[in-house]
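Below, chains carry the letters A, B, ... as their sequence lines are ordered, and counting in each starts from 1.
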Number of protein chains: 2
Amino acid sequence: MKGYLWGPSAATSARTPQSGWEAMAIDAVGNVIEFWGFKRNQGRVWALLYLRDQALTAAEIEKELDLSKGGVSMLIRDLERWGVVLRVRTPGDASWRYRAETDLLQMARRVIEEREFAFIARIRADLAEARKLAEADGSVEREKVERLRKMEAVAEATEKALNVFLKTSRFDVGAMFDVFRA
Amino acid sequence: MKGYLWGPSAATSARTPQSGWEAMAIDAVGNVIEFWGFKRNQGRVWALLYLRDQALTAAEIEKELDLSKGGVSMLIRDLERWGVVLRVRTPGDASWRYRAETDLLQMARRVIEEREFAFIARIRADLAEARKLAEADGSVEREKVERLRKMEAVAEATEKALNVFLKTSRFDVGAMFDVFRA
DNA sequence: CATATAGTTCAAGGCGTTTTGAACTGCATG
DNA sequence: CATGCAGTTCAAAACGCCTTGAACTATATG
């Protein structure tokens with residue numbers, strides 16, 4: 001419903017969607033990717049490139065998704081860094097073109113691993129530290145220390161669940177996604 | 001580092017922490033809970049009540065966590081609705097007191113189930129709809145429809161992974177957390 | 001090397017969410 | 001039934017994140 005609907009401009013290409021199904025799919029991917037903790041527009045850019053199945057210029061992406069020049073630059077930088085978009089130089093053309101690599105879930109897993117694990121690990125460390133301090137302080141009741149220990153377990157549980165989450169997306173899902181790589 | 005450090009007020013109770021370990025633990029729980037998609041301060045309120053192991057008044061919570069009156073009211077409302085905090089009336093006291101129930105992870109799972117599944121389901125529906133439209137439109141290449149189908153698979157994968165995530169936190173973790181209920 | 005166009009950077013602005021605080025409601029008590 | 005305090009509500013402020021757009025840098029071309 002947002003972006004991607006500023007008039008027909010029918011001349012652009014035979015591919016320009018008349019009915020909104022392309023935009024709908026693009027936005028849907030944007031939403032999935034947002035769920036995984038990335039920016040909506042990162043998902044939309046990837047989806048556009050993937051669906052069109054051809055390398056587009058930054059200017060084209062900007063126009064198709066109704067983003068700003070600077071925004072496209074930054075979004076592409078992220079996607080390149082994660083290896084899900086490739087920058088290619090076409091012969092007679094002065095500007096770069098970008099095309100989608102297909103391992104979107106792989107990258108999600110990788111980035112989440114780096115990002116979230118560090119975060120949860122830090123929390124666990126804080127709780128462990130708090131418990132140690134409480135234990136050292138002789139005046140703290142045993143029961144209270146016990147409760148701190150249980151709270152640590154919450155953080156551990158989160159870490160563990162996250163682990164399973166990622167493992168699943170690696171094998172279960174990963175196998176399923178070999179279609180992409182084929 | 002934020003909230004919870006406005007001077008000693010040593011008279012309040014023998015429990016008032018001199019060294020920051022209690023605040024540290026409370027903030028850590030706030031961070032875990034935020035990770036699970038709730039408000040940081042919902043976690044902090046729960047953690048305070050759980051750690052103190054006694055029913056506190058709204059005024060006390062307000063003071064201990066340096067929150068506003070209105071904020072405490074709303075936070076408690078949420079926690080009550082989710083069943084992780086109970087409202088109790090003490091005999092000689094005009095005001096309510098609140099105490100922590102111990103099934104924090106249970107509630108996280110329940111709320112996530114309601115909230116996230118609906119969200120992902122909607123996305124999947126959008127993608128399916130987009131594919132149907134594309135299929136109906138005869139001018140769309142087969143390859144493109146195929147790509148739409150693969151994008152649907154991403155959404156399905158997300159749903160599946162989420163499922164495993166929640167199942168894990170139910171059994172694996174759930175078992176571990178029987179200590180809370182004991 | 002001058003020019004034009006592509007791409008990058010980042011301060012400022014926009015936007016959605018959370019928190020505040022003041023007005024209000026409700027309840028218990030004298 | 002008047003008073004005071006506990007609790008609720010909600011508009012406005014604060015906050016954090018994302019995007020914009022203008023200035024800047026890099027690159028290709030004649």
Side-chain angles (χ1 to χ4, degrees), chain A residues 1-4 6 27 30-31 33-46 48-49 55-81 85-99 111 115-116 119, chain B residues 1-4 6 26-27 30-31 33-46 48-49 55-81 85-99 111 115 119:
Chain A
M1 224 70 195
K2 213 184 72 185
Y4 205 76
W6 18 255
D27 286 351
N31 290 334
I33 220 63
E34 188 174 41
F35 176 92
W36 284 78
F38 303 88
K39 291 185 199 170
R40 192 184 137 73
N41 280 331
Q42 289 165 349
R44 296 213 310 142
V45 170
W46 179 87
L48 174 68
L49 296 176
L56 303 186
T57 64
E60 281 160 351
I61 295 169
E62 186 184 333
K63 183 156 156 287
E64 295 290 312
L65 301 182
D66 193 20
L67 300 169
S68 67
K69 197 159 122 88
V72 170
S73 173
M74 289 186 299
L75 292 169
I76 285 174
R77 170 146 48 79
D78 297 333
L79 295 170
E80 274 185 293
R81 184 154 41 83
V85 156
L86 240 53
R87 176 182 299 231
V88 298
R89 182 72 83 178
T90 15
D93 201 340
S95 59
W96 292 99
R97 288 179 168 271
Y98 307 90
R99 67 179 187 74
V111 175
R115 194 172 56 182
E116 312 300 70
F119 181 67
Chain B
M1 224 70 195
K2 212 183 73 185
Y4 203 77
W6 19 257
I26 286 171
D27 286 352
N31 290 333
I33 221 63
E34 189 173 41
F35 176 92
W36 284 77
F38 303 88
K39 291 188 200 167
R40 194 184 137 73
N41 280 331
Q42 288 165 350
R44 296 214 309 143
V45 170
W46 178 87
L48 173 68
L49 296 176
L56 303 186
T57 64
E60 282 162 350
I61 295 169
E62 186 185 332
K63 182 155 156 288
E64 295 290 311
L65 301 182
D66 194 21
L67 300 169
S68 66
K69 197 158 122 88
V72 170
S73 173
M74 289 186 300
L75 292 169
I76 286 175
R77 170 147 48 78
D78 298 334
L79 294 170
E80 274 186 292
R81 183 155 40 82
V85 156
L86 241 53
R87 177 182 297 232
V88 298
R89 182 71 84 177
T90 15
D93 202 341
S95 59
W96 291 100
R97 290 179 167 271
Y98 306 90
R99 66 180 188 74
V111 175
R115 193 172 57 183
F119 181 67

Tell me every residue that passes side-chain hydrogen bond (donor to acceptor under 3.5 Å, both in side chains) with B:S95, counting only those two or more places apart in sequence or in another chain.
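Result, side-chain hydrogen bond (donor to acceptor under 3.5 Å, both in side chains) vs B:S95: B:D93.
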Taking side-chain hydrogen bond (donor to acceptor under 3.5 Å, both in side chains) as the test, write out the residues that go with B:R87, two or more places apart.
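B:E80.
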How close or far is atom [atom2] of [N] from atom [atom1] of [X], stated in whole angstroms?
| X | N | atom1 | atom2 | answer |
| --- | --- | --- | --- | --- |
| B:W96 | D:dT8 | CH2 | P | 10 Å |
| A:E80 | C:dG7 | CD | P | 10 Å |
| A:E62 | C:dT5 | CD | P | 15 Å |
| A:D78 | C:dT9 | CG | P | 11 Å |
| A:E60 | C:dG7 | CD | P | 11 Å |
| B:R77 | D:dG7 | CZ | P | 14 Å |
| A:D93 | C:dT5 | CG | P | 13 Å |
| A:I76 | C:dT9 | CD1 | C1' | 15 Å |

In 5'-to-3' order, the base (B), backbone-only (S) or no-contact (-) status of each nucleotide in nucleotides 10-30 of chain C, using a 4.0 angstrom heavy-atom cut-off, is B-------SSBB---------
What I'd like to find out is whether the side chain of [X] reaches to under 4.5 Å of the side chain of [Y], using heavy atoms alone.
| X | Y | value |
| --- | --- | --- |
| A:N41 | A:L65 | no |
| B:V45 | B:L67 | yes |
| B:L49 | B:R99 | no |

Selection residues 69-79 of chain B - residue pairs positive for salt bridge (Lys or Arg N to Asp or Glu O under 4.0 Å), sequence neighbours left out:
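The answer is B:D78-B:R81.
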Work out how much the helix from C:dC1-D:dG30 to C:dG30-D:dC1 bends between its end axes, five pairs an end, to the nearest 10 degrees.
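Terminal axis comparison yields 0°.
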Does D:dA6 have OP1 or OP2 under 4.0 Å away from a side-chain N or O of B:Y98?
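It does not, given that no N or O in the side chain of B:Y98 lies less than 4.0 Å from OP1 or OP2 of D:dA6.
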Does B:R87 reach a base, just sugar-phosphate, or nothing at all? Heavy atoms under 4.0 Å.
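Result for B:R87 = sugar-phosphate.
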For a quick check of understanding: with a heavy-atom distance under 4.0 Å over all strands, which category does A:S73 fall into, base, sugar-phosphate or nothing?
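A:S73: base contact, heavy atoms under 4.0 Å.
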Working to the nearest 0.5 Å, report the span between CD1 of B:I76 and CD of B:E62.
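Reported value, rounded in 0.5 Å steps: 10.0 Å.
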For the atom pair CD1 (A:I61) and CZ (A:R44), what is the distance rounded to the nearest 0.5 Å?
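Going from the CD1 atom of A:I61 to the CZ atom of A:R44 covers 11.5 Å.
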Could you tell me which residues satisfy side-chain contact (heavy atoms from CB on, under 4.5 Å) with A:N31, sequence neighbours excluded, listed by chain and number?
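Here the qualifying residues are A:E34, A:R40, B:F119, B:I123.
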